[in-house]
Amino acid sequence: MADIHERGYWKQYMEAYEACLTANQHPSRALVRRTADDKENARLIVSQIVLDTLSELKMHIPRPPRNAGRN
């Protein structure tokens, strides 16, 4: 019965959901929405997005100065 009662709030839930997504949008990052119905594929997709983003950062290990550690 509680589910039936909560269903009456569906419109408000959807409005809050859309407001949350809109408030978190920023031009410098793409908003990626994935359904969680298929958790295995959702995790694979998100993992690939993280890997792609990290590779685009072109990070490297900084080299120590030539005379580091010499007194």
Are L44 and V50 connected in the hydrophobic side-chain network, where two residues link if heavy atoms are under 4.5 Å apart? no
Tell me whether E40 at atom CD has more than 12 heavy atoms from other residues, nucleotides or ligands lying less than 6.0 Å away. no
Side chain to side chain contact (heavy atoms under 4.5 Å, CB included) with E15: which residues, sequence neighbours excluded? K11
Using the test ring pair (Phe, Tyr, Trp, His ring centres under 6.0 Å), find all partners of H60 that sit at least two apart in sequence or belong to another chain. none
Under a side-chain separation threshold of 4.5 Å, the hydrophobic residues clustered together with M1 are I4
Under 4.5 Å between side-chain heavy atoms, hopping through other hydrophobics if needed: is there a path connecting M59 to L51? no
